[in-house]
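This report refers to the structure that appears directly beneath it.
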Amino acid sequence: MPSVFVGLFMGLGASFSVLVVAEMMGVRAGLGWYMQWAQGWASYGNMYAALLVLAALCSGAVTLLFRVRDRLLSWQKGLVRW
């Protein structure tokens, strides 16, 4: 089970970076597209705001995954140091 969570953490980080790149390149909607659009119009405040929203979403997903891991692997609390 701990190995499953390692894979989930690695996949989560990779999926967010791929999502942002895909939105910047291939679609006409989404936060990645909005960041490109704001950069093109030199609206750097909006661009950084979109970047902060993406960072908050990724951080929230990682925090949620940590909480699920801690609940499911509570039996390891004294055996393994995180």
Side-chain angles (χ1 to χ4, degrees):
M1 196 72 161
S3 299
V4 170
F5 280 104
V6 169
L8 285 173
F9 283 117
M10 292 177 68
L12 183 64
S15 67
F16 266 99
S17 57
V18 168
L19 175 69
V20 171
V21 170
E23 282 186 352
M24 285 182 174
M25 297 179 84
V27 297
R28 295 204 180 267
L31 285 173
W33 174 84
Y34 182 76
M35 283 176 29
Q36 286 287 109
W37 179 81
Q39 182 183 12
W41 285 98
S43 180
Y44 297 115
N46 292 348
M47 184 184 72
Y48 288 126
L51 187 62
L52 286 174
V53 168
L54 282 173
L57 287 173
C58 184
S59 177
V62 168
T63 301
L64 181 66
L65 193 56
F66 268 116
R67 288 186 181 170
V68 169
R69 182 203 63 186
D70 289 343
R71 182 164 298 233
L72 288 177
L73 299 179
S74 62
W75 57 272
Q76 284 187 335
K77 197 159 193 124
L79 299 175
V80 178
R81 290 190 170 212
W82 302 109

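Because only heavy atoms are used, hydrogens play no part in the values below, and waters and symmetry mates are left out as well, while side chains stay in.
Counting heavy atoms from C-beta on, the side chains of R69 and L8 never come closer than 4.5 Å.
Both Y44 and L51 sit in one connected hydrophobic cluster of ILVMFWY residues. Membership requires side-chain heavy atoms under 4.5 Å apart, directly or through other members. Hydrophobic clustering (ILVMFWY, side-chain heavy atoms < 4.5 Å, transitive): M1 and V68 are in one cluster. By the rule that hydrophobic residues join a cluster once side-chain heavy atoms approach within less than 4.5 Å of another member, M24 and V53 end up as members of one cluster. In terms of hydrophobic clustering, with Ile, Leu, Val, Met, Phe, Trp and Tyr side chains grouped at heavy-atom distances under 4.5 Å, L64 and F66 are assigned to different clusters. Linking ILVMFWY side-chain heavy atoms closer than 4.5 Å, directly or via other members, places L31 and L12 in a single hydrophobic cluster.
One N or O on the side chain of S15 and one on the backbone of G11 form a donor-acceptor pair closer than 3.5 Å.
E23 pairs in a side chain to side chain contact (heavy atoms under 4.5 Å, CB included) with only one of the listed residues (L19, V20, V21), which is L19.
Note on ring orientation: taking the six-membered ring where Trp is involved, the planes of F9 and F5 are tilted (angle from 30° to 60°).
Atom-to-atom distance recorded for L54:CG and S59:OG is 12.0 Å, nearest 0.5 angstrom. With rounding to the nearest 0.5 angstrom, the OG atom of S43 is 5.5 Å from the OH atom of Y34. To the nearest 0.5 Å, atoms CG (L52) and CE (M47) are separated by 10.5 Å.
In terms of heavy-atom proximity, P2 sits nearest to L73 at CA-CD1, 4.1 Å.
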